[in-house]
Amino acid sequence: MSQTAPRNLISALILVNEIFDSDDESTDSDDESTDSENELYQDEEELNEPSILTTRVSTVSRRNVPKVAGYEEIVTERMQDYDFKTHFRLHRSTFDLLLGKINIKLQNQTRPTSRCSPNKMLLITLWILATPESYRSVGCRFGVCKKTVFKVIRRTIDAINEMASTTIKWPGATEAQNIISANSSTAGFPGVLGAIDGTHIPIRTPQHSSGTYINRKGFHSLQLQVVCQHNLKFTDCYVGQPGSMHDARVFRHSEICTDLQNSTLFFPEDSHLIGDEAYPLSDRLLTPYRDTGNLTRYQVRYNFKLSSTRMSVERAIGILKCRFRRLRFFDSPDLAFISKSVIAACTLHNFCIDENDLHFENSEELSSGGAATINSENNIYNSTVTARAKRDRIARLL
């Protein structure tokens, strides 16, 4: 693949979800009374009601559940732009551009008689990503039932992810030079093409192999690994590995690990990524010196400047989670859908930066999800003589 061609480096451990054929339901039955997604998955045996109870419920006449009247009209015509962004995390102009890009895809996925327009589908999906609100309450807000919300967000997430290959991509030769120059001006660290880091996406307890998803902090999660530019844009995203997996092993399974070997294609002019102590040292991925109390002043300065430069990736992850708060906890048994949703959020993150739609959350809320963990997993890699020599040379130059 040529260097100048758009290149999608997104690798998500996802499965193909079956999409329901029907589109809309305007009523809810009395047996749809919980706020969890569980009842929407037919393979969860614990949700099966006794047959006698099911028979009784089926005899109850269906009723119209009250909905919020005209909320879509309020959002579209009367809500101020500041309030719109507060709720949906995008400026109205950014929303209109995004809708224009996925409108045809959404139209092709809905029936002509559907009451859920592409505009409403995107509003619902953004609201779900922006808040921890339940499907039932979101459906009530937008005048649809919970089952419709369930189907709408999956179709919209798929449409957004079709933009990923052109929105999250590795920089070409010209852009790479600009990134290296910009990173060098931050703290004087030379040759930095991007910073790599990982974060945990909290999830509910999985149905199978739940123990493998418990991370070092004691909760269930999926791993998200990203590479970030100086302007907070992601150039690579990899999601789906269980939370118990060490950062170095997640890195080894990702496509970017293979790309490190293609030096001239992806890393022009001896450039490199920078990461924390959790990652293996190589001539294309520089990490700090381990502080055992015997560092020289050159090594201390090197660690400080590397840390100052890689703050961009920590800030980018923090902004991502502040903008799309669903990433703080996914209450869904569908791990494939969670991975898709995370990639969609990363795609929207880059799309907003391209449109100069910056985030305005308080800076104290920004957090990348924890410090690096150092353990024996680092031993699966051997720091080459070339990598150590390169790090020493840069330390002396700083």
Side-chain angles (χ1 to χ4, degrees), residues 12-20 28 31-49 89 124-141 145-158 160-161 198-226 237-247 250 317-318 320-346 348 365 367-370:
L13 301 181
I14 56 179
L15 302 174
V16 178
N17 291 313
E18 292 184 359
I19 303 299
F20 293 92
D28 283 329
D31 60 336
E32 295 177 336
S33 59
T34 65
D35 287 335
S36 173
E37 288 184 37
N38 287 341
E39 61 193 81
L40 300 174
Y41 292 87
Q42 298 178 358
D43 58 344
E44 298 190 64
E45 296 180 357
E46 67 272 16
L47 298 177
N48 294 333
E49 300 289 345
R89 324 308 278 172
I124 290 174
T125 302
L126 291 176
W127 192 284
I128 289 290
L129 290 176
T131 69
E133 198 169 349
S134 67
Y135 285 13
R136 181 175 297 281
S137 60
V138 173
C140 180
R141 183 182 301 275
C145 72
K146 184 173 66 175
K147 188 175 181 180
T148 298
V149 176
F150 179 87
K151 293 180 289 186
V152 159
I153 63 173
R154 280 156 173 75
R155 293 171 179 175
T156 310
I157 289 295
D158 287 340
I160 292 173
N161 282 342
T199 188
H200 292 276
I201 307 297
I203 60 174
R204 63 182 291 184
T205 304
Q207 296 176 347
H208 306 289
S209 304
S210 60
T212 62
Y213 291 88
I214 300 177
N215 59 37
R216 64 182 183 273
K217 297 183 178 181
F219 60 86
H220 296 86
S221 66
L222 292 180
Q223 294 264 22
L224 169 63
Q225 175 188 277
V226 298
C237 298
Y238 178 69
V239 62
Q241 295 288 1
S244 64
M245 186 175 290
H246 187 268
D247 290 349
V250 173
I317 293 174
L320 175 72
K321 288 188 173 182
C322 280
R323 188 190 290 268
F324 302 111
R325 300 190 178 214
R326 183 71 60 170
L327 272 61
R328 296 181 177 184
F329 181 74
F330 270 93
D331 186 16
S332 173
D334 190 345
L335 300 183
F337 167 70
I338 295 175
S339 294
K340 285 185 176 182
S341 299
V342 172
I343 292 298
C346 294
L348 292 174
E365 295 185 12
S367 173
S368 66

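Quick caveat: nothing in here was measured; it's all calculated off a predicted structure.
Heavy atoms only, all atoms of each residue included: Ser210 and Pro206 are closest at CB-O, 3.5 Å. In this structure, Gly139 and Val149 approach most closely via the heavy-atom pair CA-CG2, 3.6 Å. The two atoms that bring Pro333 and Gln207 nearest to each other are CB-NE2, 4.1 Å, heavy atoms only. Pairing each heavy atom of Glu133 with each of Ser137, the nearest pair is CG-OG, 2.7 Å.
Looking at heavy atoms from C-beta onward, Leu126 lies in side-chain contact with Leu348 at the 4.5 angstrom threshold. With contacts defined as side-chain heavy-atom distances shorter than 4.5 Å, the pair Leu129/Ile157 qualifies. Using a 4.5 Å cut-off on side-chain heavy atoms (C-beta onward), Leu222 and Phe330 make no contact. At least one side-chain heavy atom of Lys321 sits less than 4.5 Å from a side-chain heavy atom of Ile201. Looking only at side-chain heavy atoms (C-beta outward), Tyr213 and Thr205 stay at 4.5 Å or farther from each other. Between Lys147 and Tyr135 the shortest side-chain heavy-atom distance does not fall below 4.5 Å. No side-chain heavy atom of Val342 sits under 4.5 Å from any side-chain heavy atom of Ser339. Looking at Val152 and Ile128, their side chains never come closer than 4.5 Å, going by heavy atoms from C-beta outward.
If you take CD1 on Ile214 and OG on Ser209, they are separated by 11.5 Å, rounding to the nearest 0.5 Å. With rounding to the nearest 0.5 Å, the separation of OG in Ser244 from NE2 in His220 is 9.5 Å. Annotation: the span from Ile317 atom CD1 to Cys346 atom SG amounts to 9.0 Å, rounded to 0.5 Å. Separating the OG1 atom in Thr131 from the CZ atom in Arg328 is a distance of 12.0 Å, to the nearest 0.5 Å.
Paired with Gln241 under the rule side-chain contact (heavy atoms from CB on, under 4.5 Å), one option of Val250, Thr212, Leu224, Asp247 passes, and it is Val250.
When atom types are taken as modelled, the side chain of Gln223 and the backbone of Met245 share a donor-acceptor pair closer than 3.5 angstrom. With Arg326 contributing its side chain and Trp127 its backbone, the two residues share no donor-acceptor pair below 3.5 Å.
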task: For side chain to side chain contact (heavy atoms under 4.5 Å, CB included), just list the numbers for Asp334 and Arg154, CA-CA rounded to whole Å, side-chain angles, deciding distance to a tenth of an Å, and then say yes or no.
output: CA-CA 11 Å; Asp334 190 345; Arg154 280 156 173 75; 4.1 Å; yes
message: Could you walk me through whether Ile338 and Ile203 satisfy the side chain to side chain contact (heavy atoms under 4.5 Å, CB included) test, starting with their C-alpha distance in whole Å, then the side-chain angles of each, then the deciding distance to 0.1 Å, before giving a yes or no?
response: CA-CA 9 Å; Ile338 295 175; Ile203 60 174; 3.7 Å; yes
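Both tests do not hold together for Arg89 against Phe324: distance to the six-membered ring centre under 6.0 Å, angle to the ring axis within 45°.
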